[in-house]
Amino acid sequence: MTQTSVNLTHATSEQLLEATRAVIAGGGSSNMRNMGVTDPLVLDRSAGCRLWDVEGNELIDVNMGYGPHLFGYADPDVLGVVAQQLRLGAITGITHRLDHQAAELIAATVPSIEQVRFANSGTEAITSALRLARFLTGRAHVVTFEGHYHGWSETVLRKSAITDNGSDPTGAVPGAPGMIPGALDFTYQLPWNDAAALDALFAAHGTEIAAVILEPICGNAGMVHPLPGFVEKIADLTARHGALLVFDEVITGFRVGLNGAQGVLGVQPDLTIVSKVLGGGFPVAAFGGSRELMAPLARNEAFHAGVFSGNHAAMSAVVAMLTKLTGDPSVYGTLDVLSSYAEQRLADVFAEAGRPVRITRAGSVLSVALLTRPQETESDYDAAVPLIDFAAHRRLQILCQRAGLYFHPNPLEPWFLSTAHTPDVLDSVVATVKDSLARL
Ligand SMILES: CC1=C(O)/C(=C\N=C2/C=C(C(=O)O)C[C@@H](O)[C@@H]2O)C(COP(=O)(O)O)=CN1
Ligand SMILES: Cc1ncc(COP(=O)(O)O)c(C=O)c1O
């Protein structure tokens with residue numbers, strides 16, 4: 001049994017992280033987060049777009065918990081409501097008046113959804129949505145795209161060629177040791193934006209494919225937009241071959257617009273998964289589609305469950321968040337202006353420093369990646385990947401963190417801005433990046 005020898009009341013981040021690593025494998029409950037640790041950072045609290053560590057240091061945060069906080073941390077309009085619901089009871093396993101309100105708000109804002117099921121995480125929701133797609137089509141194979149992340153469940157966790165240097169982007173390689181050997185035998189992976197590869201796969205295997213799942217605007221490889229017409233092509237091929245089109249909008253849902261990426265692109269999928277912004281900082285996810293597609297679940301034929309799924313606290317968060325968003329959709333215009341300002345100012349300071357960089361954006365989600373040399377073809381994402389300078393980016397992150405700005409050291413992890421990132425905050429962000437580049 002590990003005894004904490006250090007009095008941790010006044011411990012440093014380093015001491016607390018060491019003590020935490022003694023009792024939490026890796027120091028945190030996510031590999032992506034644990035791998036992201038450069039200088040130890042252990043928090044005391046967060047509010048708006050700021051973090052305070054256990055030593056009292058204040059940092060501006062542009063990682064923002066990986067995306068849920070569109071209005072910043074501890075938004076009283078949402079999390080204040082959740083706190084109240086917790087006092088009224090939150091986990092009964094019995095239908096609550098909030099359930100109907102939450103589901104109706106999703107149906108009113110996500111064009112492809114008439115009916116939902118709630119879950120506790122994106123991974124849970126995606127796992128259930130893909131199982132439903134396999135049931136509905138009687139088929140087993142699912143198509144995924146290189147760089148797109150759909151959680152850690154057994155049939156979609158794949159290595160990424162981007163970070164795995166050299167693994168074939170067209171081969172779905174198990175993303176973690178311990179996965180069953182045949183875990184990905186029914187999972188195809190294609191290069192993103194590769195229309196020829198998509199055509200060839202459907203020509204050869206179209207009758208086997210249950211679903212194509214994608215991040216309609218990819219957020220897990222930096223922000224990588226679909227080439228014009230590419231998502232429409234996927235929609236056409238899935239419709240013609242009797243496969244389902246599944247949009248993983250865990251990042252883009254309620255983030256790139258009130259109607260998500262399907263609203264921005266004007267392409268309606270068969271099934272959609274939403275999470276992150278959905279709960280405004282409270283953990284909740286949902287998947288849904290037409291009543292027809294969801295009917296096997298309504299009939300208790302297909303299976304989905306979860307002790308905490310759709311709990312009253314989560315429902316109160318969804319109702320509060322979507323009521324706030326539908327009550328003032330102008331927030332997306334505001335966020336776009338703020339994020340465009342940040343994008344331009346950041347591009348300026350990297351240019352002034354003579355540092356090649358790839359900056360892309362979708363609404364208030366930016367990706368910023370130091371490159372080893374300038375990218376010749378702006379739009380060609382595949383040309384950018386080998387140029388990403390992961391080591392230099394990590395060094396930049398350390399300098400920025402020490403100067404009071406936090407972003408993830410992996411340049412494939414986006415920056416998530418919020419209404420709390422006002423112009424003066426963004427000026428401070430840019431100034432810190434500029435100073436750190438000068439010391440890189
Ligand atoms: C597009 C997309 C996601 O971005 C996604 C989760 N994203 C992240 C998960 C992280 C983590 O597990 O620590 C942090 C980030 O790498 C990333 O935003 C998931 C899985 O959701 P969950 O983590 O809630 O199971 C599904 N689809
Ligand atoms: C013994 C046991 N294991 C696993 C689960 C699944 O947990 P969850 O419902 O949170 O996915 C349950 C829930 O009923 C359970 O009782």
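Here, residue 1 is the first one in the sequence, and each next residue gets the next number. Every number for a ligand or one of its atoms is a count from 1 in the order of the listing.
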Query raised in the report: In terms of side-chain geometry, is the basic nitrogen of K233 or D194 positioned less than 4.0 Å from the acidic oxygen of its partner?
Result: no

**Report entry** Which segment of S121 sits under 4.0 Å of ligand 1 when only heavy atoms are counted
**Finding:** both

Report task. List the closest protein heavy-atom neighbour of atom 11 (C) of ligand 1: residue, atom name, distance to the nearest 0.1 Å. Result -> S30 OG, 3.4 Å

Query - Ring geometry between Y188 and H141 (parallel below 30°, tilted from 30 to 60°, perpendicular above 60°) - result: parallel

Query - ligand 1 contact on E413 by region, counting heavy-atom pairs under 4.0 Å - result: side chain

Query raised in the report: Are the aromatic rings of H393 and F407 close, with centres under 6.0 Å apart?
Result: yes

Report summary line: Note: ligand 1 atoms sitting under 4.0 Å from heavy atoms of I251 are 4 (O)

Query raised in the report: Judged by atom type as modelled, is there a donor-acceptor pair below 3.5 Å linking the side chain of Y332 to the main-chain atoms of S364?
Result: no

Query raised in the report: What are the atoms of ligand 1, with element, lying closer than 4.0 Å to any heavy atom of D248?
Result: 1 (C), 2 (C), 26 (C), 27 (N)

Report summary line: Ranked by distance from atom 9 (C) of ligand 1, the top protein heavy atom is M32 CE, 3.8 Å

Report summary line: Only residue of L278, V284, L70 satisfying side chain to side chain contact (heavy atoms under 4.5 Å, CB included) with M321 is L70

Requested in this report: Could you pull out, from N34, N220, T123, the option with a heavy atom nearest to atom 25 (O) of ligand 1?
Outcome: T123

Query raised in the report: Of all the non-hydrogen atoms in the protein, which one sits nearest to atom 15 (C) of ligand 1, and at what distance?
Result: Y66 CD2, 3.3 Å

Query - Residue G151 vicinity, atoms of ligand 1 by number, heavy atom under 4.0 Å - result: 19 (C), 20 (C), 26 (C)

Query raised in the report: Are the side chain of T272 and the backbone N or O of F247 linked by a donor-acceptor pair below 3.5 Å?
Result: no

**Report entry** Min N/O separation Y149 to ligand 1 under 3.5 Å
**Finding:** yes

Report summary line: If we number the atoms of ligand 1 from 1 as shown, the ones under 4.0 Å from a heavy atom of E215 are 1 (C)

Report task. Specify side chain, backbone, both or neither for I126, according to which of its non-hydrogen atoms lie closer than 4.0 Å to ligand 1. Result -> side chain

Query raised in the report: Would K276 count as a contact of ligand 1 if the rule is a heavy atom under 4.0 Å away?
Result: yes

Report summary line: In ligand 1, the atoms that come under 4.0 Å of a heavy atom of G122 are 21 (O), 22 (P), 24 (O), 25 (O)

